[in-house]
Participant: 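Okay, handing you the structure first.
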Amino acid sequence: MYGNDYADPDDPGAGPLNAADGGAVEAAAAHVDRRAELDLTTFDAVIAADQRIEPRDAMPEDYRQTLIRQIAQHAHSEIIGMQPEGNWITRAPSLRRKAILIAKVQDEAGHGLYLYSAAETLGIDRSELLDRLHAGKQKYSSIFNYPTLTWADCGAIGWLVDGAAIMNQVPLCRCSYGPYARAMIRTCKEESFHQRQGFELLWELMRGTPEQQAMAQDATNRWWWPALAMFGPRDTGEHAQEGGHTGQSMAWGIKRFSNDDLRQKFVDMTVPQAQRLGVTLPDPDLRWNEERGHYDFGEIDWDEFWRVLRGDGPCNAQRMERRVNSHEQGRWVRDAAAAYAAKQRARHTSDGSEGSAA
Ligand code: BYC
């Protein structure tokens, strides 16, 4: 039950006010830990019935590792994704814009926290995941290796990057792994606010001076192709056998659509929005295909995509340097929190009381 759900305490038909009243705590405690079981019949049946796998269920090791890889990469993207827009907080053009931007960047930190928590239910510690990111052993989204050169980039990120993120993440709300699916529900609600604020920011610029319009167009030109590449490599038709994860992840109900299908949906959704805004999308091959019922679009620069993934994008080095520095600078906060928790635990066990650290 969500914290804000309301139940009338005087209504006998309204059900229990909290989990403890309804026996749910006992039910959860009685839930058998099946992680060590080797028999995966139940796992296969749950996947076939399109139900959710939960942390204490038996699951194939490859399923667990795939989820750790994807959820960690997603979490890392959220926290590294705070940098490009965070870059503009001190230079936002008005108090209103500054407040919105601070809230948005803070939301991204929150998404990172939901996701690291979801990954931890798979039996891995978030500090280990951060170590892997910092050592270059895990990735974050390619999109965050591009610079935010003007204020209009904050609009283009909201409109295009968050727009692409929602397209990718709404199906993840139905992911077969329960904690990831649930983390995505709240994330998507917030992302849709982010997308609208980006559209509205560009809308204002497009109704401003010629310089503002040019700035909005320039940002659209620079973010369009990286946003399309964000969906990942081609994985349908002749590309289906190229060794990506899509086939297996779809069979497991982790991914619900191919990268190419989501990319196409994104293009189809975004072209009319661009027309409303009055910006031109930088693709001469973009046109409606009556027969397919979709927009055709040009070829993504895949060499650039793989180059960025290898660490050779415009901002990879800067993003990682800032991330590692802020992790180091935050060490005293983590140490203080751990020391406080240890002190409380020690008091609690020595005198049997609740204990409070002074
Ligand atoms: N960037 O077989 P594929 C946000 C890698 S943040 C980097 O398709 P998969 C926001 C892929 O990892 C939202 N790497 O893989 C925050 C794999 O390499 P490995 C970010 C990419 O996992 C702040 C290889 O290419 N969203 O919204 O089945 C401000 C082959 O790919 C990328 C998520 O993380 C990429 N773009 O599918 C504003 C969504 N694409 O791991 C906004 C969750 C592919 O074998 N993740 N690769 O070495 C997913 O849905 C999937 O992981 C992907 C890739 C669709 C991204």
Side-chain angles (χ1 to χ4, degrees), residues 65-88 101 104-112 114-115 118-119 132-133 136-146 148 153-173 175 177 180-181 183-184 187-188 190-195 197-198 223 225-236 239-252 254-263 266 300 302 304-311 313 316 319:
Q65 292 302 335
T66 295
L67 282 164
I68 290 176
R69 179 184 62 76
Q70 177 166 330
I71 301 174
Q73 178 169 324
H74 194 163
H76 300 330
S77 305
E78 298 285 357
I79 60 165
I80 297 228
M82 295 166 74
Q83 293 187 32
E85 289 169 284
N87 186 26
W88 279 89
L101 190 57
K104 180 183 189 288
V105 171
Q106 190 172 289
D107 282 352
E108 310 300 355
H111 299 169
Y114 311 154
L115 284 157
R132 289 187 194 176
L133 169 69
K137 292 184 187 150
Q138 280 182 339
K139 299 184 169 74
Y140 59 92
S141 180
S142 51
I143 193 78
F144 301 117
N145 292 306
Y146 292 87
T148 41
D153 288 21
C154 291
I157 290 182
W159 175 41
L160 297 174
V161 176
D162 288 277
I166 297 170
M167 192 55 83
N168 164 276
Q169 286 169 195
V170 166
L172 291 174
C173 297
C175 163
Y177 189 58
Y180 191 24
M184 281 301 99
T187 302
C188 284
E190 292 172 355
E191 296 290 15
S192 83
F193 156 74
H194 297 169
Q195 197 263 354
Q197 71 81 36
W223 288 93
W225 290 107
L228 291 193
M230 222 181 133
F231 289 92
R234 286 168 299 187
D235 57 356
T236 53
H239 303 287
Q241 308 303 330
E242 284 175 4
H245 303 290
T246 300
Q248 181 60 75
S249 285
M250 285 181 73
W252 276 330
I254 297 174
K255 279 168 113 163
R256 295 291 176 167
F257 295 96
S258 66
N259 302 347
D260 285 330
D261 284 350
L262 290 173
R263 188 168 14 247
F266 175 72
I300 291 166
W302 291 111
E304 174 177 318
F305 173 77
W306 293 114
R307 235 184 3 256
V308 170
L309 255 59
R310 282 197 303 271
N316 295 58
R319 300 289 186 241

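Counting starts at 1 for both ligands and their atoms, in listed order. In this text, all values refer to a predicted model and were calculated from it rather than measured experimentally. Counting begins at 1 with the first residue of the sequence.
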Participant: Which residue and non-hydrogen atom of the protein lie closest to atom 37 (O) of ligand 1, and at what distance in Å?
Facilitator: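 Ranked first by proximity to atom 37 (O) of ligand 1 is K255 NZ, 2.9 Å.
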Participant: Heavy-atom distance to atom 13 (C) of ligand 1: which of Q169, H194, H111 wins?
Facilitator: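 Of the listed residues, Q169 has the closest heavy atom.
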Participant: Taking 4.0 angstrom as the limit, do K104 and D107 come out as a salt bridge?
Facilitator: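 Salt bridge: no.
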Participant: Show the atoms of ligand 1 that are less than 4.0 angstrom away from any heavy atom in N259.
Facilitator: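 Going through ligand 1 atom by atom, the ones under 4.0 Å from N259 are 8 (O), 55 (C).
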Participant: Looking at G81, which atoms of ligand 1 are within less than 4.0 Å of one of its heavy atoms?
Facilitator: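 Those of ligand 1 that fall under 4.0 Å from G81 are 23 (C), 29 (C).
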Participant: How far is atom 20 (C) of ligand 1 from the closest protein heavy atom, and which atom is that?
Facilitator: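 In this structure, atom 20 (C) of ligand 1 has S77 CB, 3.7 Å as its nearest protein heavy atom.
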Participant: Under 4.0 Å from atom 53 (C) of ligand 1, is there at least one protein heavy atom?
Facilitator: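 For atom 53 (C) of ligand 1 the answer is no, since every protein heavy atom stays at 4.0 Å or beyond.
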Participant: Indicate yes or no: does an N/O atom of Q73 lie under 3.5 Å from an N/O atom of ligand 1?
Facilitator: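 Such a contact does occur with ligand 1.
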Participant: Can you check which of E78, H74, K139 brings a heavy atom nearest to atom 19 (P) of ligand 1?
Facilitator: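 Minimum heavy-atom distance to atom 19 (P) of ligand 1 goes to K139.
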Participant: Identify, for atom 10 (C) of ligand 1, the protein heavy atom at the shortest distance, and state residue, atom and that distance.
Facilitator: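 Ranking protein heavy atoms by distance from atom 10 (C) of ligand 1, first comes F144 CZ, 3.4 Å.
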Participant: Looking only at protein heavy atoms, identify the closest one to atom 40 (N) of ligand 1 and say how far it is in Å.
Facilitator: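 Of the protein heavy atoms, G232 CA, 3.2 Å lies nearest.
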Participant: Can you check whether S249 has an N/O within less than 3.5 Å of an N/O in ligand 1?
Facilitator: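 By distance alone, the answer is no.
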Participant: Find all atoms of ligand 1 within a distance of less than 4.0 Å from any non-hydrogen atom belonging to L309, and give their numbers and elements.
Facilitator: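 Listed by number with element: 1 (N), 5 (C), 7 (C), 14 (N), 21 (C), 25 (O).
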Participant: Look at atom 27 (O) of ligand 1 and say which protein heavy atom is nearest, naming residue and atom and giving the distance to 0.1 Å.
Facilitator: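 Looking at atom 27 (O) of ligand 1, the protein heavy atom closest to it is A165 CB, 3.1 Å.
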Participant: Can E85 be said to touch ligand 1, with heavy atoms closer than 4.0 Å?
Facilitator: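 Under 4.0 Å: yes for E85.
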Participant: Short N/O distance, under 3.5 Å, between K104 and ligand 1?
Facilitator: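 Between K104 and ligand 1, no N or O pair is found under 3.5 Å apart.
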Participant: Taking non-hydrogen atoms only, is Y140 closer than 4.0 angstrom to ligand 1 via side chain, backbone, both or neither?
Facilitator: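 Under 4.0 Å from ligand 1, Y140 contributes backbone atoms alone.
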Participant: Which bit of E108 is near ligand 1, meaning a heavy atom under 4.0 Å away: side chain, backbone, both or neither?
Facilitator: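 Side chain only; the backbone of E108 stays clear of ligand 1.
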Participant: Does the residue M82 have a heavy-atom contact with ligand 1, meaning some pair of atoms that are separated by less than 4.0 Å?
Facilitator: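 No, M82 has no heavy atoms under 4.0 Å from ligand 1.
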Participant: Taking distance alone, with no angle check, do V161 and ligand 1 share an N/O pair under 3.5 Å?
Facilitator: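 No, since none of the N or O atoms of V161 sits under 3.5 Å from an N or O of ligand 1.
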Participant: What are the atoms of ligand 1, with element, lying closer than 4.0 Å to any heavy atom of M230?
Facilitator: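 Here the atoms of ligand 1 in question are 36 (N).
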Participant: With heavy atoms under 4.0 Å as the rule, classify the contact between D162 and ligand 1 as side chain, backbone, both or neither.
Facilitator: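 It is the side chain that gets close, since no backbone atom is under 4.0 Å.
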Participant: Taking a cutoff of less than 4.0 Å between a non-hydrogen atom of the residue and any ligand atom, is D235 in contact with ligand 1?
Facilitator: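 No, D235 has no heavy atom closer than 4.0 Å to ligand 1.
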Participant: Which atoms of ligand 1 sit under 4.0 Å from any heavy atom of G244?
Facilitator: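 Near G244, the atoms of ligand 1 are 2 (O).
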Participant: Suppose we measure from atom 45 (O) of ligand 1 to each protein heavy atom; which comes out shortest, and what is that distance?
Facilitator: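 Nearest neighbour among protein heavy atoms for atom 45 (O) of ligand 1, to 0.1 Å: H245 NE2, 2.6 Å.
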Participant: With heavy atoms of Y180 as the reference, note each atom of ligand 1 found under 4.0 Å away.
Facilitator: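 That gives atoms 43 (C) of ligand 1.
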Participant: Side chain or backbone, does S142 bring an N or O within less than 3.5 Å of an N or O on ligand 1?
Facilitator: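 So ligand 1 has an N or O lying under 3.5 Å from an N or O of S142.
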